[in-house]
Amino acid sequence: MAKNKIRVRYAPSPTGHLHIGNARTAIFNYLFARHNHGKFIIRIEDTDTKRNVADGEKSQLDNLKWLGLDWDEGPDVGGDFGPYRQTERKDKGIYQKLIDQLMAEGKAYKSYRTEDELKADREEQEARGVMPHYEYEYEGMSDDEIKKSMADAEAKGLKPVIRFRVPKNKDYAWDDIVKGRVSFNSDSIGGDFIIQKKNGMPTYNFAVVVDDHLMQISHIFRGDDHVANTPKQLMIYEAFGWQPPKFGHMSLITSAATGKKLSKRDESVLQFIEQYRKLGYLPEAMFNFITLLGWSPVGEDEIFSRKQFIKIYDEKRLSKSPAKFDNKKLEWVNNQYVKSSDENEVMDLALRQLIKKGNIPENPDAKTVEWARQLVKLYKQQMSYMAQINKMASVFFKEPEQVSGDALKEISNDTAPIVLNEFAKRVKDLKIFDQVEIFKTIKSIQKDTKIRGRKLWMPIRIAVTHEMQGPELPESIELIGRDKAIHHIQETLKQISK
RNA sequence: GACCCGUUAGUCAAGCGGUUUAAGACACUGCCCUUUCACGGCAGUAACAUGGGUUCGAAUCCCGUACGGGUCACCA
């Protein structure tokens with residue numbers, strides 16, 4: 001690419017774990033940068049010091065790395081445009097200088113209206129049915145009167161915020177990369193907005209503009225919820241005479257349950273990457289799934305590696321309409337990866353889940369590890385995320401509950417007890433207890449009893465595993481072990497003989 | 001309430017005025033495979049929100065309506 005340098009950023013605030021929506025924003029910026037051989041930058045927007053949490057930044061970065069992202073500049077790796085935390089930039093006086101400039105040019109001013117007053121205004125406006133907005137507090141005053149009003153406020157001990165003087169009745173428009181032409185009239189954005197808080201911190205709308213400009217950001221991909229911020233930011237670019245970057249506002253991910261944008265309170269969807277990570281989802285699969293939420297490739301394939309995504313990524317294919325988060329599809333994608341992934345990777349993750357749940361000891365011996373390996377291999381075809389192994393294979397670890405529901409119906413007949421009695425008896429006498437012999441045993445029962453097919457296999461499956469579905473039966477029985485298998489069968493026989 | 005935006009099957013989506021009797025995937029249903037279930041293979045059900053235009057021709061362009069969403073903080 002020979003055009004201007006492509007530089008994009010992901011700018012999280014360190015207020016908590018990496019959210020799915022933010023992860024998606026990060027991924028699309030990353031993909032855009034890598035596809036175009038540009039730079040991907042991380043900047044920490046920590047100007048709201050009250051909301052910052054201790055490990056927020058670290059958690060964000062860790063989870064991004066887990067997803068397979070890497071960046072060229074950022075708080076942890078440095079770069080030529082640092083510092084990469086807004087609080088540090090503030091300490092360097094970067095914002096103050098610019099704010100002073102705006103004030104000197106009459107494009108910003110000190111505002112002394114208190115938060116209580118503003119709140120009252122808003123309530124009154126809302127009651128009147130108009131959009132809540134700030135009304136210019138010096139309306140109609142001469143320069144001298146303004147000066148006096150400010151002096152009076154200072155005398156009362158009020159601390160000012162700095163507001164940006166919004167131009168009257170002026171249209172601000174841009175060609176959005178995903179939405180097309182979007183336009184706002186300056187009168188509809190809520191009045192002169194604050195660019196510096198009472199405590200001296202710049203506000204988001206001001207700091208982003210300053211930093212994006214200073215960091216030479218060329219494109220901004222962010223969530224749809226930022227559309228309304230864009231005209232404000234455009235005004236600031238204009239006030240400084242800076243060239244704004246290109247904007248792309250991506251549709252939001254919504255909850256299938258509520259239809260609303262994913263919010264932290266919505267418990268129908270796991271919201272944080274961290275949670276998926278803990279459940280043993282594969283990072284490649286998460287990357288794959290998230291990328292397909294609101295973006296689609298040209299062909300008909302759905303499974304792509306990170307490298308392939310980088311190659312085929314095209315920001316013009318970002319969707320305009322919001323996408324609901326579909327858990328089933330997520331699980332399907334994960335299962336695709338589990339099935340085709342490296343055995344050791346899956347094994348490793350699954351082992352950790354087994355240990356976490358206490359199903360195998362903290363430091364398993366070689367024999368247990370080998371046994372677990374067989375177990376994981378057995379369930380690999382049907383697992384989506386690794387934590388499922390604990391439930392899927394629960395029969396291997398604890399005494400199963402009574403057979404019930406469809407499974408009970410399945411074995412409530414005359415032939416089931418015959419099969420089970422025979423199987424228990426013959427298995428007991430087996431010289432070698434392995435899957436080959438178990439298979440032969442089942443066949444021999446068929447031969448002698450003439451019971452076959454589902455009526456033969458299902459009772460055994462249900463009695464031994466208490467599940468109606470699962471991996472290869474002989475192999476499963478071998479792994480469960482002879483004593484346990486026989487015990488389960490006897491318990492089941494007791495239950496159905498009543 | 002105001003301002004912005006969106007609307008193809010249950011869900012994700014392709015589609016960019018004629019090649020569309022509208023792809024593909026998830027989910028669902030059925031069949032096949034495996035002397036069982038699952039996995040896998042094959043097949044099937046199912047959609048252009050609505051009313052007007054424009055045009056020889058509209059899912060595709062324009063306008064209205066309905067519905068959905070986003071934003072209106074000294075949060076980002």
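Computed from a predicted structure; not experimentally measured. Note that these values count all heavy atoms, side chains included, but never hydrogens, waters or copies made by symmetry. Order of the sequence lines fixes the chain letters, A, B, ..., with proteins taken first and strands second; residue numbering starts at 1 for each chain.
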Visitor: Sort out the partner of B/A47 for me: Watson-Crick or G-U wobble, both distances under 3.5 Å, none otherwise.
Guide: none
Visitor: From the options B/C26, B/U71, B/A76, select the nucleotide whose nearest atom is closest to the side chain of A/Lys261.
Guide: B/U71
Visitor: Looking at B/C3, which nucleotide sits across from it as a Watson-Crick or G-U wobble partner, both distances under 3.5 angstrom, or is there none?
Guide: B/G70
Visitor: Take atom P in B/C16 and the same atom in B/A58, then report the distance between them in whole Å.
Guide: 16 Å
Visitor: Would you say that more than 12 heavy atoms from the other residues, nucleotides or ligands in this model lie under 6.0 Å from the NZ of A/Lys377, or not?
Guide: no
Visitor: Measure from CD1 on A/Ile442 to P on B/U34 and round the result to the nearest Å.
Guide: 16 Å
Visitor: Between B/A46 and B/U60, how far apart are the two C1' atoms, rounded to whole Å?
Guide: 22 Å
Visitor: Base, sugar-phosphate, or nothing: which does A/Lys119 touch, judged by heavy atoms less than 4.0 Å apart?
Guide: nothing
Visitor: Salt bridge between A/Glu302 and A/Lys329, side-chain N to carboxylate O under 4.0 Å?
Guide: yes
Visitor: Among B/C75, B/G40, B/C26, find the nucleotide with the atom closest to the side chain of A/Asp48.
Guide: B/C75
Visitor: Does a distance-only test, which skips hydrogens and angles, find a donor-acceptor pair under 3.5 Å between the side chain of A/Asp301 and the base of B/A25?
Guide: no
Visitor: Mind calculating the distance between NZ (A/Lys50) and P (B/C74) to the nearest angstrom?
Guide: 11 Å
Visitor: Expressed in angstrom and rounded to an integer, what is the separation of A/Leu252 atom CG from B/C12 atom P?
Guide: 14 Å
Visitor: Under 4.0 Å between any heavy atoms, over every strand shown, what does A/Glu472 touch: base, sugar-phosphate, or nothing? Just pick one.
Guide: base
Visitor: Which is more 5' along RNA chain B, the nucleotide nearest A/Thr258 or the one nearest A/Ile189? Just name the residue.
Guide: A/Thr258
Visitor: For B/A25, does the base pair up with any side-chain atom of A/Lys329 as donor and acceptor (N or O, under 3.5 Å, distance only)?
Guide: yes
Visitor: Within this structure, what is the CH2-to-P distance between A/Trp332 and B/C12, rounded to whole angstrom?
Guide: 16 Å
Visitor: Could you work out the separation of B/G51 and B/A9 based on their P atoms and round it to a whole Å?
Guide: 16 Å
Visitor: Taking atom C1' in both B/G24 and B/A14, compute the distance separating them and give it to the nearest angstrom.
Guide: 7 Å
Visitor: Contact class for A/Gln469 vs. all strands (heavy atom < 4.0 Å): base, sugar-phosphate, or nothing?
Guide: base
Visitor: Roughly how many Å apart are B/U7 and B/C12, using the C1' atom of each and rounding to a whole number?
Guide: 15 Å
Visitor: Considering every strand shown, what is the Watson-Crick or G-U wobble mate of B/A14 when both distances are under 3.5 Å?
Guide: none
Visitor: Rounded to whole angstrom units, what separation is found between the NE2 atom of A/His466 and the P atom of B/U36?
Guide: 22 Å
Visitor: With a 4.0 Å cut-off on heavy atoms, is A/Lys455 in touch with a base, just the backbone sugar-phosphate, or nothing at all?
Guide: nothing
Visitor: Decide, yes or no, whether a salt bridge links A/Asp448 with A/Arg426 under the criterion of side-chain N to carboxylate O below 4.0 Å.
Guide: yes
Visitor: Roughly how many Å apart are B/A59 and B/U50, using the C1' atom of each and rounding to a whole number?
Guide: 14 Å
Visitor: Take atom CG of A/Asp225 and atom C1' of B/A76, then tell me their distance rounded to the nearest Å.
Guide: 9 Å
Visitor: Of A/Gly129 and A/Leu292, whose closest RNA chain B nucleotide lies nearer the 5' terminus?
Guide: A/Gly129
Visitor: Counting side-chain heavy atoms from C-beta on, which of B/G24, B/U71, B/A13 comes nearest to A/Ala323?
Guide: B/A13
Visitor: Return no unless some side-chain N or O of A/Lys197 is found under 4.0 Å from OP1 or OP2 of B/C75.
Guide: yes
Visitor: Answer yes or no on whether A/Lys90 is positioned over the face of A/Tyr95, meaning its NZ or CZ is under 6.0 Å from the six-membered ring centre and within 45° of the axis.
Guide: no
Visitor: Centroid-to-centroid, A/Tyr172 to A/Phe184, below 6.0 Å?
Guide: no
Visitor: Looking only at the side chains, is there a donor atom on one of A/Tyr84 and A/Arg9 sitting less than 3.5 Å from an acceptor on the other?
Guide: no
Visitor: I want to check one thing: is the phosphate of B/G69, taken as OP1 and OP2, less than 4.0 Å away from some side-chain N or O of A/Lys324?
Guide: no
Visitor: Look through every strand shown and name the nucleotide pairing with B/U20 as Watson-Crick or G-U wobble, where both distances are under 3.5 Å.
Guide: none
Visitor: Considering Watson-Crick and G-U wobble pairs with both distances under 3.5 Å, what does B/C61 pair with?
Guide: B/G53
Visitor: Whole angstrom is fine here: how far is it from NE2 in A/His226 over to C1' in B/C3?
Guide: 18 Å
Visitor: Go through B/U36, B/A73, B/A76 for me and flag the one nearest to the A/Pro132 side chain.
Guide: B/A73
Visitor: Is the shortest side-chain N to carboxylate O distance from A/Asp176 to A/Arg181 below 4.0 Å?
Guide: no
Visitor: Hey, does A/Gly294 reach any base, or is it just sugar-phosphate, or nothing, if we go heavy atoms under 4.0 Å?
Guide: sugar-phosphate
Visitor: According to the interplanar angle, ranging from 0 to 90°, do the rings of A/Phe309 and A/Phe287 count as parallel (below 30°), tilted (30 to 60°) or perpendicular (above 60°)?
Guide: tilted
Visitor: Between the side chains of A/Gln382 and A/Asn335, does any donor sit under 3.5 Å from an acceptor?
Guide: no
Visitor: If we take the P atom in both B/C42 and B/A25, what is their distance in whole Å?
Guide: 9 Å
Visitor: When you compare the side chains of A/Arg163 and A/Ser111, does any donor N or O come within less than 3.5 Å of an acceptor on the partner?
Guide: yes
Visitor: Taking only side-chain nitrogens and oxygens of A/Arg122, does any of them come within less than 4.0 Å of OP1 or OP2 of B/A73?
Guide: yes
Visitor: So, is A/Thr47 near the phosphate of B/A76, with a side-chain N or O under 4.0 Å from OP1 or OP2?
Guide: yes
Visitor: Tell which nucleotide pairs with B/G40, taking only Watson-Crick or G-U wobble pairs whose two distances are both under 3.5 angstrom.
Guide: B/C32
Visitor: Compare the minimum distances between each of B/C74, B/C26, B/C37 and the side chain of A/Ile194, then state the nucleotide with the smallest one.
Guide: B/C74
Visitor: Just call it for A/Gly259: base, sugar-phosphate, or nothing, with non-hydrogen atoms closer than 4.0 Å on any strand.
Guide: sugar-phosphate
Visitor: Distance check: side-chain N/O of A/Arg317 vs OP1/OP2 of B/C16, anything under 4.0 Å?
Guide: no
Visitor: May I ask you to say what A/Arg452 touches in the nucleic acid, namely base, sugar-phosphate or nothing, with a heavy-atom cut-off under 4.0 Å?
Guide: base
Visitor: Classify the nucleic acid contact of A/Glu45 as base, sugar-phosphate or nothing, counting any heavy atom under 4.0 Å across all strands shown.
Guide: sugar-phosphate
Visitor: Look at atom NZ of A/Lys339 and say whether more than 12 heavy atoms of other residues, nucleotides or ligands are closer to it than 6.0 Å.
Guide: yes
Visitor: Please write out the pairs of protein N or O atoms and N or O atoms of nucleotides 4-9 of chain B separated by less than 3.5 Å, giving the distance to one decimal.
Guide:
residue, atom, partner, partner atom, Å
B/C5, O2', A/Lys179, NZ, 3.0

Visitor: P atom, B/G44 versus B/A49: distance in rounded Å?
Guide: 25 Å
Visitor: Can you confirm whether more than 12 heavy atoms, excluding those of A/Lys107, are under 6.0 Å from its NZ atom?
Guide: yes
Visitor: Separation of A/Lys380 atom NZ from B/G40 atom P, in whole Å?
Guide: 13 Å
